[in-house]
Every structure is written in C-alpha cells, then in structure tokens.
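Heads up, the thing below is written out as structure tokens.
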Amino acid sequence: ALYVDAENGNDANRGYHPACARKTLAAAFTPAPGPGTVVYAAPGWYTNETMSVPENNFEEQLYRVVIPDGVSLVSLEGADRTFIGGKSSDALQDDSRAQGCGAGAVACVKLLKATSGLRGFTCFGGRTNLKKTDDGHTGISGGGVNGPGKVEDCLFVDCRAYRGGGAYMATAVRRCRF
C-alpha cells in the first residue's frame, strides 16, 4: 500500500505509511505503482498536480491522476471529505458546447485498464481538451473519470466533456451520484 495526504504529506516521503505519506497524487503515482497496489488518500483537496496521457489522435489530456493497470485509489474517509478537482480551459472556444473544455483544461481521473479502480471521492470541475477532427468529431471524453475500470462510492459535480461529462467508458460504476 501507498499513502497520500494533501494536508500533512510531503512528496519527498516514500509513502509507505500514513506517517510518511506523499502530498500529491502525481507523486504517489510516479513512478507508477505495480499491480495489486492500493493507494490510500487522506481527506483533503487534491487540486494542484497534473499528469498527462496522449488521447487517440488528440493532443495530450491533463488529469489530476492517472491510475495504472491493477492499481486502486481509495479515499480513507469517503467522498464527503476527499476531493479531486479539475480545471477549466483558459482559452476561449468558438464552440458553445465547450463549456470550459479546451486547451489547458484538466480532467479529474484517468483509469488505464479495466483492473484500475477509484473509490470514495468527489470529483468536481473536471474538463477535457477540445479539438475538432477532419471527420467532425470533437473532444476528449470523461471530465470526471475516463477509461475502463471500477468506480465506486463517488460523487461527480460539474464535470464536463463533449461525451461523458461525469464518467466515460467505466466498466463498473456502483453507488455513485452524478
């Protein structure tokens, strides 16, 4: 197990015990923990770090956390005390459907594989990159959570994307509110 604590952690710590937790989600997931690892998050606001993932033919998408194959991110005290916050784009968009999506926008969570998991968080304000392609498709999906995997006991508030604002492609969504 690894531990992260937004209020009392330090990214110089190793994160193997709550008393030596890392401070940011990005630090807890860099380098990526191995399959079977559970990363436990203390209550707090996880809103400052970013990780990036290339998305199909689009530009890289920024996320607060990217959860690799076989790894779960679990809140120690639930969605009413533990928050992952996205960010709106700073760029103005011509497309009225953009609603804060665009260059520099930050989505909340990327699940890389069906064996990835997220439990007990409020994901708020997640936005995605927005880009028109030659075939007319627009945007990257999943402002709250994007990708296959298990999502449990989460709350998604004001997350936006062209498709799947709160969640997109999650293979198991249980006891969540949107």
Side-chain angles (χ1 to χ4, degrees), residues 1-7 9 15-16 18 21-22 24-30 32-53 55-56 61-88 99-101 105-129 139-178:
L2 293 173
Y3 296 86
V4 62
D5 186 333
E7 295 174 16
Y16 295 127
R22 291 195 169 168
T24 64
L25 294 172
F29 283 89
T30 306
T37 303
V38 177
V39 177
Y40 293 101
W45 297 82
Y46 297 91
T47 59
N48 294 321
E49 60 277 358
T50 59
M51 301 173 80
S52 65
V53 174
E55 297 283 352
N56 300 323
Q61 172 63 49
L62 298 175
Y63 292 92
R64 290 296 178 211
V65 64
V66 176
I67 302 174
D69 185 15
V71 177
S72 293
L73 176 60
V74 176
S75 165
L76 289 170
E77 293 192 25
D80 59 335
R81 307 244 358 248
T82 316
F83 307 90
I84 299 173
K87 176 184 164 297
S88 290
Q99 300 178 350
C101 295
V106 179
C108 295
V109 178
K110 173 70 174 182
L111 301 171
L112 290 179
K113 300 284 183 178
T115 56
S116 304
L118 178 72
R119 184 173 70 217
F121 288 85
T122 293
C123 295
F124 68 94
R127 301 290 192 274
T128 61
N129 224 337
I140 296 170
S141 304
V145 64
N146 183 8
K150 186 187 315 184
V151 180
E152 298 176 313
D153 304 315
C154 290
L155 174 62
F156 297 92
V157 178
D158 192 32
C159 294
R160 298 179 186 184
Y162 186 71
R163 288 180 297 274
Y168 185 76
M169 286 184 51
T171 51
V173 177
R174 296 182 181 107
R175 300 176 306 275
C176 293
R177 293 179 290 157
F178 293 86

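For this chain, numbers begin at 1 and follow the sequence in order.
Applying the ring pair (Phe, Tyr, Trp, His ring centres under 6.0 Å) rule to Y16 yields no partners; only residues at least two apart in sequence or on another chain are considered. T82 is linked by a side-chain contact (heavy atoms from CB on, under 4.5 Å) to A41, P43, Y46, S75, F121, counting only residues two or more places apart in sequence or in another chain.
Within the model, atoms CG of N48 and OG1 of T24 stand 9.0 Å from one another, a figure rounded to the nearest 0.5 Å. Note that CG of N129 and CG of L62 are 7.5 Å apart. Values are rounded to the nearest 0.5 Å. Once rounded to the nearest 0.5 Å, the distance linking CD of E152 with SG of C176 reads 7.5 Å. Here CG of L73 is found 11.0 Å from OH of Y40. Values are rounded to the nearest 0.5 Å. Expressed to the nearest 0.5 Å, how far OG of S116 lies from NZ of K150 amounts to 11.5 Å. Between the CG atom in L25 and the CD atom in E49 there is a gap of 4.5 Å [rounded to 0.5 Å].
A161 and C101 get closest at one heavy-atom pair: CA-SG, 3.9 Å. Across all non-hydrogen atoms, the minimal contact from R119 to V74 is NH2-CG1, 3.2 Å. Residue A28 comes nearest to V39 through the heavy atom pair CB-CG1, 4.1 Å, listed as atom of the first residue, atom of the second, then distance. Closest of all the heavy-atom pairs between R22 and T30 is NH1-O, 3.4 Å. Considering all non-hydrogen atoms of both residues, V66 and M51 come closest at N-SD, 3.4 Å. Of all heavy-atom pairs spanning G143 and C159, the tightest one is C-CB, 3.9 Å.
Side-chain contact between V109 and C123: present, with at least one pair of heavy atoms (C-beta onward) separated by less than 4.5 Å. Looking at K87 and R64, their side chains come closer than 4.5 Å, going by heavy atoms from C-beta outward. Proximity of F29 to V4: side-chain heavy atoms (C-beta onward) are nowhere separated by under 4.5 Å. Side chains of T115 and D69 form a contact here, defined as non-hydrogen atoms less than 4.5 Å apart.
When only modelled atom types and interatomic distance are considered, S141 and N146 share no side-chain donor-acceptor pair under 3.5 Å.
More than 12 non-hydrogen atoms from other residues, nucleotides or ligands lie less than 6.0 angstrom from CZ of R175.
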With a cut-off of 3.5 Å and sequence neighbours excluded, list every side-chain donor-acceptor pair involving residues 165-174.
| residue | atom | partner | partner atom | Å |
| --- | --- | --- | --- | --- |
| T171 | OG1 | G149 | N | 3.2 |
| T171 | OG1 | G149 | O | 3.2 |

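A donor-acceptor distance shorter than 3.5 angstrom exists from the side chain of T122 to the backbone of A79, with no hydrogens or angles considered.
Using cut-offs of 30° and 60° for the angle between ring planes, the F124 and F83 rings count as perpendicular.
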**OP:** Take I67 and V65 through the test side chain to side chain contact (heavy atoms under 4.5 Å, CB included) and record every step on the way to the result.
**Re:** CA-CA 6 Å; I67 302 174; V65 64; 4.3 Å; yes
Original post:
Yes or no on side chain to side chain contact (heavy atoms under 4.5 Å, CB included) for Q61 and T50, after CA distance, side-chain angles and deciding distance?
Top reply: CA-CA 10 Å; Q61 172 63 49; T50 59; over 6 Å; no
